[in-house]
Every structure is written in C-alpha cells, then in structure tokens.
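A short write-up of the structure that comes next.
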Amino acid sequence: MVVDVATGKRLYGKGADDAQTPASTTKIATAVAASPRRAPTTASRPARSWSPAPGGRARRRRRPTLTARKEAAGWASLRTLADETATALKARHLNQVTLSYDTSLYTGPALHPIGTNPNLAPVSALMVDEARTDDSASGLVTRAADPAADAAGSSRAAGGQGHQDDDPGLSKATNGSQSLASVSSPPLSALIERMLTNSDNDIAEGMARQVALATGRPADFDGGAAAIDAELKKLGLPLSGAHFTDGSGLNRADRLTADLLTALLVKAGDPAHPELRPILTGLPVAGFTGTLSDRYADDASGTGLVRAKTGTLTGVNTLAGTVVDADGRLLAFAFLASDTTDPSAAQSALDRTASALAGCGCR
C-alpha cells in the first residue's frame with residue numbers, strides 16, 4: 001500500500017486489508033500507542049526500618065534503560081544511582097545495608113513465547129544494559145537468564161561503600177518506602193527512535209508494558225498487547241484483522257495489515273500529533289542507519305531517500321516507512337511478504353519497490 005501523507009489519499013493498494021505476520025514493523029504500532037512519559041528507577045528504603053542504626057535495606061526498582069557503563073551517554077546511569085544512594089545513606093549515618101531489589105512492577109511470564117533468544121532478554125522491570133553479557137549495545141548476544149539479579153549484582157558492585165557482602169535478594173518495596181535516590185530514562189522520543197532505528201526488542205517489550213500500566217492493565221505480554229490495541233482504537237486507526245500478542249513483533253501470531261501500517265505513519269505525520277513525530281525521525285535511513293545501514297548497496301536510487309522500519313522472521317519480510325517522491329510529496333508505504341524462501345532476494349525486492357517510489361510523480 002502507498003499513501004500520500006499530506007492528504008491521506010490511497011495511491012496504490014493490493015491486498016492492503018489482508019492481515020499478515022508483520023515481524024518488527026509491529027514496533028511502529030507500539031511506538032504510536034506508547035504514552036509520553038519518562039520511567040524512573042528509584043532506590044528506596046522501607047519506612048519501618050527508618051533509623052540511624054546499621055542493617056537497613058536499600059531497594060532498587062525498574063527500568064530496562066539503565067546502564068552500568070562508565071559513559072552513560074544520556075541513559076539512566078546505575079553508577080549515578082549507586083553514588084547518590086550511598087550519599088543519602090551516609091547522610092543518615094547508615095554505613096552498612098542489605099541490598100534487595102523489586103521486580104513487582106511487571107507481571108506474568110518473563111520469557112517471550114519464542115523462548116530463550118539472543119534477540120530479547122527475559123522481560124523484567126529491572127535490568128542493566130538489556131541484560132547483555134558483553135559490551136555490545138545492539139545486535140544478537142546471549143542475555144542474562146535473570147536480568148534483575150544480574151542488575152542488582154551490578155548495582156552492588158557500582159555502589160561499593162555501604163553495602164554488605166551478602167548477595168542481593170529479591171524483595172518488594174512497601175507503600176511506605178522512602179526514596180533515597182532516583183534516575184530517569186531518556187525522553188520517550190529518544191527511546192522510540194532507538195527502538196525503531198535498531199529494532200530494539202527489549203525497549204519494545206518494556207514500552208508495551210508501560211502502556212499497559214498507564215491504561216490500568218496487567219504489565220505482561222497480554223496486557224501490553226491489549227493496551228496497544230486499545231490506544232490505537234482511540235486514534236481511530238483501521239484495526240480490522242489486526243491482532244497483537246507482544247510489542248516487538250517477534251511473535252508469529254501477530255497480525256497487521258498494510259492499511260494499518262500506512263495509517264500509523266500518516267498519523268505520525270499529522271501536525272495535530274507532534275508527539276508522534278519521533279516515529280518518523282526514528283525510521284532507519286536507507287544505506288546509512290540502523291537496520292537499513294547494510295542494505296541498498298545495489299540500489300543507490302533509494303539510498304538516503306527511503307526511511308523505513310524493517311521486519312524479518314524466517315519466511316517473513318516486511319518494510320514500512322516513508323519516501324519523498326519526485327514531486328516532493330511525502331509518501332507512506334507498507335510492503336508485507338509471507339512464505340519467502342530467500343530472505344536476501346526478498347529484502348532486495350522490497351528495497352527496490354521502495355526506491356521506485358522516490359523516482360515517481362505520484363499525485
């Protein structure tokens with residue numbers, strides 16, 4: 001399907017209402033549904049233990065955008081949280097504490113239905129550097145089996161002073177807990193751009209759960225999927241045939257139509273919804289950024305002109321994004337292919353089709 005973004009006019013459509021497996025183009029829907037908010041990570045202390053005596057508990061809770069790297073580069077810094085927590089404890093003359101951590105913000109299974117997979121860590125309200133077991137920031141890598149415990153261990157190492165030698169333990173903050181320190185994730189716009197550019201599954205699943213929480217639903221896979229569907233319905237988007245099971249698109253049971261994908265992109269380009277603009281700016285640029293950086297090598301006509309979210313599963317190849325045509329019109333497109341047997345050939349076909357739009361005058 002191809003649509004003029006300014007007018008919403010359908011310029012081309014074939015099977016545009018047929019629901020198919022969208023793969024990672026699902027992330028466009030997740031981004032549109034996400035509420036504009038920053039997610040804090042807090043270190044707290046139970047009120048019932050609030051005294052200058054040693055042996056108090058420090059608890060840390062949420063969020064998957066924490067980093068333990070020395071250079072946080074704008075992300076929520078675990079080192080900063082640990083330092084500020086230690087300062088707060090010293091001010092209260094607490095020189096020795098037991099560290100515990102709280103994962104109760106999210107519910108349901110942590111493991112995605114695809115099982116253990118290097119594309120996605122077990123979904124947890126507390127993790128550091130997406131539970132990666134190396135220094136990578138994107139791509140496939142083995143993940144920690146228990147992201148929260150791994151994060152708590154990193155927190156203990158980062159905090160240093162004021163911690164006992166006991167291993168961190170799982171606990172739950174009480175309603176009367178008092179905050180010691182807090183760090184926040186980057187703005188939602190930055191998270192959306194990273195999610196779309198790098199096809200970041202961990203951010204996508206965390207974002208789906210945040211939408212669930214914001215709409216009063218359980219923060220699990222089902223709750224996130226239902227929340228995405230409900231938020232898109234509020235925007236009047238064409239949901240016929242659509243079915244969400246996650247926020248990342250890794251589940252083959254997801255179903256979207258080309259009609260819905262282009263409608264999402266048109267909505268993102270609507271001046272009445274400036275909060276959705278990061279969806280357009282976060283789309284990978286053909287031949288330059290993210291999941292399109294190594295594509296378009298054999299098709300220079302679309303390089304730098306096509307901006308699109310890729311989707312790839314075995315037998316499934318999709319591409320949805322925008323391109324400016326020869327008349328200067330911004331077009332939104334969505335191409336979905338199922339039962340493909342040669343992923344490289346399928347990707348090249350999708351890329352060439354998007355490039356063709358750049359050279360046409362589609363009024």
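Note that these values count all heavy atoms, side chains included, but never hydrogens, waters or copies made by symmetry. Numbers here are sequence positions counted from 1.
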Atom CG of D135: over 12 foreign heavy atoms under 6.0 Å: no

Contacts of N251 that satisfy side chain to side chain donor-acceptor pair (under 3.5 Å) - sequence neighbours left out: T245

Beyond-backbone contact of T291 with P284, side-chain heavy atoms, under 4.5 angstrom: yes

Separation between OG1 of T262 and CZ of F335, rounded to the nearest 0.5 Å: 10.5 Å

Between D129 and T67, a side-chain donor and acceptor under 3.5 Å: yes

Set of residues satisfying salt bridge (Lys or Arg N to Asp or Glu O under 4.0 Å) with respect to R132, sequence neighbours excluded: E130

Separation between CZ of F244 and CG of L232, rounded to the nearest 0.5 Å: 5.0 Å

Evaluation steps, side-chain contact (heavy atoms from CB on, under 4.5 Å), between V316 and R252: CA-CA 9 Å; V316 175; R252 290 178 175 275; 4.1 Å; yes

Using atom types as modelled, flag every donor-acceptor pair under 3.5 Å from a side chain in residues 22-32 to any protein atom, sequence neighbours excluded.
| from | atom 1 | to | atom 2 | distance (Å) |
| --- | --- | --- | --- | --- |
| S24 | OG | K27 | NZ | 2.8 |
| S24 | OG | S199 | OG | 3.2 |
| T25 | OG1 | P22 | O | 2.6 |
| T26 | OG1 | A23 | O | 2.9 |
| K27 | NZ | S199 | OG | 3.2 |
| K27 | NZ | N201 | OD1 | 2.8 |
| K27 | NZ | S248 | O | 2.9 |
| T30 | OG1 | T26 | O | 3.4 |
| T30 | OG1 | G247 | O | 2.7 |

Neighbour count >12 (heavy atoms, 6.0 Å) for atom CG, D339: no

Side-chain donor-acceptor pair present, Y106, E205, cut-off under 3.5 Å: no

N-O pairing of R329 and D4 below 4.0 Å: yes

Donor-acceptor side-chain pairing of D254 and H243 below 3.5 angstrom: no

Check: S104/D102 side-chain N/O donor and acceptor closer than 3.5 Å: yes

Any donor-acceptor N/O pair, T133 side chain to T142 backbone, under 3.5 Å: yes

Given V323, V324, V266, the one that forms side chain to side chain contact (heavy atoms under 4.5 Å, CB included) with L330: V324

Salt bridge flag under 4.0 Å for residues D150 and R143: no

Polar contact flag, side-chain donor to acceptor under 3.5 angstrom, N198-D200: no

Short side-chain donor-acceptor distance under 3.5 Å, E193 and T281: yes

